[in-house]
Amino acid sequence: MSPAIAVLRDENEESQYQNGVKRLHENGISKVPSKYILPVLERPSNTNQQQANVSKNNLKLPIIDFQELQGPNRPQVIQSLANACEQYGFFQLVNHGIPIEVVSNMIEVGTKFFDLPFEERAKYMSSDMRAPVRYGTSFNQNKDKVFCWRDFLKLMCHPLPDVLPYWPSSPVDMRNLAATYAKETKHLFLMLMEAIFESLGLVDSSAAAKKKTTEEDEALKEFEDGSQLMVVNCYPPCPEPDLTLGMPPHSDYGFLTLLLQDEVEGLQIQFQDKWVTVEPIANSFVVNVGDHLEIFSNGKYRSVLHRVLVNSRKDRISVASLHSLPFMRSVGPSPKLVDESNPRRYKETDFASFLEYISSREPKKKNFLESRKLT
């Protein structure tokens, strides 16, 4: 084979991978291309790892009943919330108050988007991480040496009137249904952050029952104007799921992520040094602590590594809603959570620092958060 032909083939292969795994699945591949095959020790099928680091049992996360949080049992639920954030970094949120049709419509319209012809999906491809809409593949396709078995649609959600015109116009109800979902999850996030503040002891519970303090009002106002990124994830059937992952081990950068899953298992979290599969609960959210909340709480609450397995039988769709402060706002430990016995553990950071970090290297595990630590 001439060098020119070999280079052309390599370019075509690379272009094929950049087009995503949904495209590969549509083309009927029967083997996982080498671009997606993880080193042996990083594969979910690794025998030694299976014995040492992977639990055979599914994990039932702590359940927080949002309805109970609004009632007379709030103090007990606040304590359960604190325990979940300290010990697991994750919890399942039930009775969240978002109408079931809003939730099911979001999963349905997300599925329809990935069922569009490739040419329609490809209109939204972009390498600009600040783009209001971005269709792509893998984890960080510009830096990943090994690609993940995942395609995504990322939608910036704030300010909604400004970004909405850039969102996909197909399927025809995409903008309307996704905007409704974004508004509902933003409201839910704000209510959860109020509870998080209370669980950290930043708000006097008796004062919270009567009215919010000025300080809390100001903080929550910042969250109202804060960043919200919605990520619709598609994990098509994979012919050799033991060789790859849908998402590598990572933590989320924001304060909280609200994850909506369909009924297909795939999410795993690292709990007590083992990878454990999270059981999906119908009409619930999996909520996890992000890096910014770990920094803000000065390490009291921990963001936890999680990853996604794929399977050979079914598509899996999930919708992650990542929330934080405004992009230009720095995040540092709350002064109320720093004293002589609990010294400041993190430098301040902002979204620009995060983008610069992941644009310059292959993101791995919690490396960005580690780079923010003082001790």
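Residue numbers count from 1 along this sequence. All of these numbers come straight from a predicted model, not from anything done at the bench.
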Are R23 and D151 close enough for a salt bridge, meaning some N to O gap below 4.0 Å?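 Salt bridge: no.
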Looking at E42 and K145, does any basic side-chain N land under 4.0 Å from a carboxylate oxygen?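 No.
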Measure across [X] and [Y] and return the closest heavy-atom pair with its distance rounded to 0.1 Å.
X    : Y    : value
R344 : K347 : NH2-C, 4.2 Å
R175 : S169 : NH2-CB, 3.9 Å
R121 : F114 : NH1-O, 3.1 Å
S126 : R134 : O-CD, 3.0 Å
H292 : V331 : O-CG1, 3.7 Å

Less than 4.5 Å apart, side chain to side chain, heavy atoms only: is that true for [X] and [Y]?
X    : Y    : value
L202 : L337 : yes
L153 : V133 : yes
F147 : Q18  : yes

Determine the interplanar angle of the [X] and [Y] rings, folded into 0 to 90°, and report it as parallel if under 30°, tilted if 30 to 60°, perpendicular if over 60°.
X    : Y    : answer
Y181 : F285 : tilted
Y36  : W149 : perpendicular
F271 : Y88  : parallel

Hey, what do you get for [atom1] ([X]) to [atom2] ([Y]), rounding to the nearest 0.5 Å?
X    : Y    : atom1 : atom2 : value
L177 : E101 : CG    : CD    : 10.5 Å
H158 : M230 : NE2   : CE    : 14.5 Å
H323 : T257 : NE2   : OG1   : 8.0 Å
L258 : S284 : CG    : OG    : 10.5 Å
H250 : D291 : NE2   : CG    : 10.0 Å
L59  : I269 : CG    : CD1   : 5.0 Å

Do [X] and [Y] get their side chains close enough for a donor-acceptor pair, meaning under 3.5 Å?
X    : Y    : answer
S251 : E294 : no
R316 : Q261 : yes
E265 : T277 : no

Do F255 and Y301 have ring centres separated by under 6.0 Å?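 When the ring centroids of F255 and Y301 are compared, they turn out to be at least 6.0 Å apart.
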